[in-house]
Colleague: 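Here you go, one structure.
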Amino acid sequence: MKKANPQSAYRVCIFLLSILLPIVIMGWVYYQNGIYWGSKTTMLASDAYPQLLNFYSNFHDVLIGEQSIFYTWGGALGGNFWSLSAYYLNSVFTFIVVFFDKVDMPEALYLITLLKFGAIGGSFYCYSQHNFSVKKWISLAVSLCYALMSFSVAYSPINMWLDALIYLPLVIWGINRIQEKQKPFLLFISYTLLFVSNFYFGFIVGFFSVLYMFLRVYCYPVYKKSILSYFITSLLAGGTSMVVILPSIIDLRTNGETLSPINQLITPDIGGWDLIVKQFVGSYDTAKFESAPFIFVGILPLLLGLFFFFSPQISERKKIGNALLAGLLILSVYIYPLNLFWHGFHFPNMLLFRFSFLLSFMICFWTLQVIEKWRPTNLSIFINFSIGTMTLFLITYFLMNPKRYDYIQAKNVLWTLFFCLIYLVGIYLLQRLENKKKNILILFLLFCVIAEMTVNTKQMVAGIAKDWGFPERTMYSENYKDIEGLVDQADKKMAASGSFQRMINLNPISLNEGFNLGYSGISQFSSIRNRSALSYLAQMGYRSEGTNLTIQAINNTLLMDSFLGVDYIVSQKDPLLFGYEKETQAGNYQLYKNKYALPLGMLTDKGIYDKENVSNQSDLWNYLSGKQEEYIRLTGLDNEVATNTIITRENNYVTYSQEQPGKNMTIEWDVSVPANSQAYISLYTQNNAMMKDVNTEITVQGQSSNYEMSKVGQYYNIGYYEKAALVHVKLTFYGSAIVQFPEPDVLLIDTEKFEKSAKGIQEKGVPLKAEKNRVSGNVKVDTEDVLLTTIAYDSGWRAYIDGEKKKIQSFENGLIGIPISKGQHSIELIYYPKGLFIGAGISGISVCIFISSYFWKKRGKQYE
């Protein structure tokens, strides 16, 4: 029986520590903030709650076979789930969600996030041990600093970005292997996983790694011979990922995504001291706008890493090459076109400087080289350098603008100087003590690194809490089962009727709730979206400003909700809408059925493509119904009474300003509503920046509803009235001292005319059944017509009539239309992301070429 090898066991233990230490520290810091397994508080800050939580839930349904991996009906009339996954979900860790119920998805995100931090630490440790001749405790310390760098913790709620930090050391290690040993396998696998996990960060790391390869060639000219092998391996890895990348690129290009203009030279809101200030321990400003880049990666790596440029053992060639690469990254912070380049020429919406982790990596990279080549003669130079660095920290603190850098307090400076002194003294003593005492000192220094990174992590998480807040579990779970039950009931009725339906929740868990609960929705908040369809919806009253990042289904009219096939409304209160009848209730929520919802498809003629016929809601409704009715008329608001409000009217605009600061503004009106009318107050502003923080509470018929005004439509429902009524309406504004609108008025819909037209369109309806990525149905057509659907237009759809492929036409560049000839027909639409099959072919060929060449080279070496 073989004895256990103590050295082998020691190596395994240190490697496991590199994984466990980041997990334990992050877990402990979360615990300090009331976040743990099953806790009342969740770690779902920032986009984790509205986006990741719901997309993970959708992916859960994909894994159990209830949803399509290619297409989702969850939001914005349906969209490309393959591309959405390529940005949000394609991590090797995401598959863990299959072991969780969707109501327990906060635990899944908690577990996945912690595991990713552990993987970052383990990845860097392996890279360090296989590429540098340094002691294992040094690799452990630097790997911990890398895993818990400020960037990774501050942006941890966006946990799909953490995968790039896992693969970056492996990619760099892979480049080293291909240059030194002509072994391409690690680079091929690392690149492929990187590109597939997140195409956005794949670009950032991919471009940086190309620069790193040339840096190595510059420093070691002998590696020139490996350039061809590197690019072949890289291209094959890129080709292997094309099954994901190609459809995603096509989706972004064809569905209206635009690039940011280069209209300035200097990055806005950047300060001269930013890069130094963000090296203080615990320096967190914001992850929103006007932030400085997060580049802190620990004081020990900072001192040793920057000493790289002063060490006599580092060649001038290396110093020049590394200075040029680091200089490019630093310039990219300040030079706007370079900044924009790293972000794919699309300026980020908050969470700025997403490439800044590359600087943190380089500092760790320099640290390992300095330690590897350390000589006792370096000590005096290092002491002088460290004292100079501490002096620079002090100068920065006293000279920086206290208003701009108000997040830097004395404690940040004291922590920084304290750890600088600890490490400086520790390194000095390591050169003087005997071996036994050295071991104690090493443990002490390792403890200091753990303490420092814990302090910094705690400050980063506190910053997240202040910036975004950690939501309570009850926000997600309290009403989840009730809403899920109502959705299930609606689904059963849809299955029985064989038709398609959409749903709106007036009190949703989040904007992306449809993805989570599996119903077909209109609301969506996502970086990956069909902007063409969303632009059309915005034109028709569903607000979606700017780049259409956010769309909400609420605050539109009867006409558009029925046109889009909103069969059901879920609400905590009576929605006060004509044609909606209560069917059932679960807990705090009620389910209302819309009698006038249109099916997914409806017959019309080619005139529907004439812009003049469908320029607004009324025109569209008239054209589909074949009538010429005036459904909508406008009236005014009477008997205005304002409380704590100064009212100013100028050029058809009205401005409401607080009379007494700190108190809410209230405006009350009377509205004369004729019989058989659905009434809305129209409130809309084009100055979205002014309205960013404005919320309003509207009270009518004893019911109050709250709205975030910059994110919802302009039509605020004040009820349906079968008989003429004088309606009292009260608006309370809060969140801002001033609001401005075009003069508010009241929009009235004649429900009798609406009902007649709706029934007429329903008779022309084509009941289509949607299942995963397929839509099917039968239709009988008396003349040559157009089948207009409310499916979001996407070039990935293919239409078949009686088995024969037909061309799909775009209606208003937002919806799908299909020409139909006279007769009885079967219709089928199938969705596969455009470029999927070409991408799969490229992937297959690339894998075959790589495997063939890999084994051919391996076999050739056996005969050398």
Side-chain angles (χ1 to χ4, degrees), residues 11-12 14-16 18-19 22 92 116 118-136 138-147 149 152 162-197 201-202 204-220 222-223 226-227 229-238 240-241 297 301 305 308 318 321-322 325 357-373 850 854 857:
R11 284 197 298 269
V12 172
I14 297 294
F15 170 66
L16 290 177
S18 72
I19 296 172
V92 295
K116 286 188 178 184
I120 294 169
S123 166
F124 192 90
Y125 177 83
C126 291
Y127 159 72
S128 173
Q129 278 294 287
H130 286 86
N131 291 270
F132 300 93
S133 299
V134 297
K135 295 184 181 297
K136 292 176 179 59
I138 291 172
S139 292
L140 177 62
V142 180
S143 72
L144 178 63
C145 292
Y146 176 76
M149 69 173 88
S152 60
L162 296 178
D163 292 73
L165 276 66
I166 299 171
Y167 296 123
L168 172 58
L170 301 180
V171 166
I172 300 303
W173 180 10
I175 293 173
N176 293 350
R177 281 176 65 85
I178 207 169
Q179 289 179 332
E180 296 167 3
K181 301 179 180 180
Q182 294 78 51
K183 293 185 176 181
F185 189 77
L186 178 61
L187 182 62
F188 177 80
I189 294 297
S190 301
Y191 261 150
T192 301
L193 290 173
L194 169 70
F195 298 146
V196 169
S197 68
F201 269 70
I204 294 174
V205 173
F207 185 74
F208 172 78
S209 63
V210 173
L211 297 178
Y212 171 82
M213 185 276 298
F214 282 117
L215 168 65
R216 288 266 293 181
V217 170
Y218 172 75
C219 295
Y220 305 99
V222 68
Y223 293 149
S226 67
I227 292 177
S229 180
Y230 165 79
F231 277 111
I232 290 173
T233 304
S234 302
L235 289 172
L236 289 175
T240 302
S241 66
V297 72
F308 175 91
K318 277 188 179 181
N322 280 271
L325 180 51
F357 69 95
L358 299 173
L359 273 169
S360 301
F361 174 82
M362 291 204 71
I363 290 171
C364 293
F365 169 66
W366 297 332
T367 297
L368 293 170
Q369 291 186 77
V370 166
I371 294 172
E372 184 181 46
K373 296 183 178 296
F850 178 79
Y854 179 79
K857 287 180 181 179

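For clarity, every value in this text was computed on a predicted model and none was experimentally measured.
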Colleague: List the atom of Ile363, the atom of Pro301, and the distance in Å for their closest heavy-atom pair.
Modeller: CG2-O, 3.3 Å
Colleague: Using the side-chain contact (heavy atoms from CB on, under 4.5 Å) rule, take Tyr220 and Lys318 through it: C-alpha gap first, then chi angles, then the decisive distance, then the call.
Modeller: CA-CA 9 Å; Tyr220 305 99; Lys318 277 188 179 181; 2.6 Å; yes
Colleague: Taking the side chain as C-beta and beyond, is there a heavy-atom pair between Met362 and Phe208 under 4.5 Å?
Modeller: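 Answer yes - side chains close enough.
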Colleague: Checking Gln129 side chain against Val134 main chain: does a donor-acceptor pair fall under 3.5 Å?
Modeller: yes
Colleague: Under a 4.0 Å threshold between the charged nitrogen and the carboxylate oxygen, would Glu180 count as salt-bridged to Arg216?
Modeller: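 Yes, this pair counts.
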Colleague: Quick check on side-chain contact (heavy atoms from CB on, under 4.5 Å): which of Asn322, Val210, Ile175 does Leu215 satisfy it with?
Modeller: Asn322
Colleague: Going by heavy atoms in the side chains, are Ile227 and Gln179 under 4.5 Å from each other?
Modeller: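 No, every pair of side-chain atoms sits at 4.5 Å or beyond.
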Colleague: Give, for atom OH of Tyr191 and atom OG1 of Thr233, the distance between the pair rounded to the nearest 0.5 Å.
Modeller: 9.5 Å
Colleague: What residue among Phe365, Tyr146, Phe132 forms ring-ring contact (aromatic ring centres under 6.0 Å, His included) with Tyr127?
Modeller: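 One option only clears the test, and that one is Phe132.
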Colleague: Heavy-atom distance under 4.5 Å between the side chains of Phe124 and Cys364, does that happen here?
Modeller: yes
Colleague: State, to 0.1 Å, how close Val217 and Tyr223 come at their nearest heavy-atom pair, and which atoms those are.
Modeller: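 Scanning both residues completely, I find the closest heavy atoms to be CG2-O, 3.9 Å.
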Colleague: Less than 4.5 Å apart, side chain to side chain, heavy atoms only: is that true for Thr367 and Val297?
Modeller: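 Contact flag for Thr367/Val297 side chains = no.
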Colleague: Which pair of heavy atoms, one from Ile120 and one from Ala147, lies closest together, and at what distance?
Modeller: CG2-CA, 3.5 Å
Colleague: Tell me, please, which residues at least two apart from Tyr218 pass ring-ring contact (aromatic ring centres under 6.0 Å, His included).
Modeller: none
Colleague: Begin with the C-alpha distance, continue with both residues' side-chain angles, and end with the deciding distance and a verdict on side-chain contact (heavy atoms from CB on, under 4.5 Å) for Tyr230 and Leu187.
Modeller: CA-CA 9 Å; Tyr230 165 79; Leu187 182 62; 3.6 Å; yes
Colleague: Do Ile172 and Phe361 come within less than 4.5 Å of each other through their side chains, counting heavy atoms only?
Modeller: yes
Colleague: Please give me the minimum heavy-atom distance between Leu194 and Gly206, naming the atom from each residue.
Modeller: CD2-N, 4.3 Å
Colleague: Which value, rounded to the nearest 0.5 Å, describes the distance between Ile19 atom CD1 and Ile14 atom CD1?
Modeller: 12.0 Å
Colleague: Distance check, rounded to the nearest 0.5 Å: Ile371 atom CD1 versus Ser139 atom OG?
Modeller: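 Here the interatomic distance stands at 8.5 Å.
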Colleague: What is the minimum heavy-atom distance between Pro22 and Gly121, and which atoms define it?
Modeller: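 Heavy-atom minimum between the residues: CG-CA, 4.3 Å.
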Colleague: Please report the interatomic distance OG(Ser190) to CG(Leu186), rounded to the nearest 0.5 Å.
Modeller: 4.0 Å
Colleague: Looking at CG of Asn131 and CG of Asn176, how far apart are the two atoms once the value is rounded to the nearest 0.5 Å?
Modeller: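 Those atoms lie 4.5 Å apart.
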Colleague: So with a 6.0 Å cut-off around CZ of Phe185, is the heavy-atom count from everything else above 12?
Modeller: no
Colleague: Using ring-ring contact (aromatic ring centres under 6.0 Å, His included) as the criterion, list what pairs up with Phe201, not counting sequence neighbours.
Modeller: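 ring-ring contact (aromatic ring centres under 6.0 Å, His included) check on Phe201 returns Trp161, Phe357.
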Colleague: What do the steps show when you test Ser123 against Tyr167 for side-chain contact (heavy atoms from CB on, under 4.5 Å), and what is the final call?
Modeller: CA-CA 7 Å; Ser123 166; Tyr167 296 123; over 6 Å; no
Colleague: Can you tell me how far the OG atom of Ser360 sits from the CG atom of Leu168, to the nearest 0.5 Å?
Modeller: 10.5 Å
Colleague: Closest heavy-atom contact between Leu368 and Ser128?
Modeller: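 Minimum heavy-atom separation between Leu368 and Ser128: CD2-OG, 3.4 Å.
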Colleague: Is there a side-chain contact between Asp163 and Lys116 in this structure, where contact means two heavy atoms from C-beta onward sitting under 4.5 Å apart?
Modeller: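 When only atoms from C-beta onward are counted, Lys116 and Asp163 do touch, with a gap below 4.5 Å.
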Colleague: side-chain contact (heavy atoms from CB on, under 4.5 Å) for Trp173 and His130? Distances and angles first, verdict last.
Modeller: CA-CA 8 Å; Trp173 180 10; His130 286 86; 3.3 Å; yes
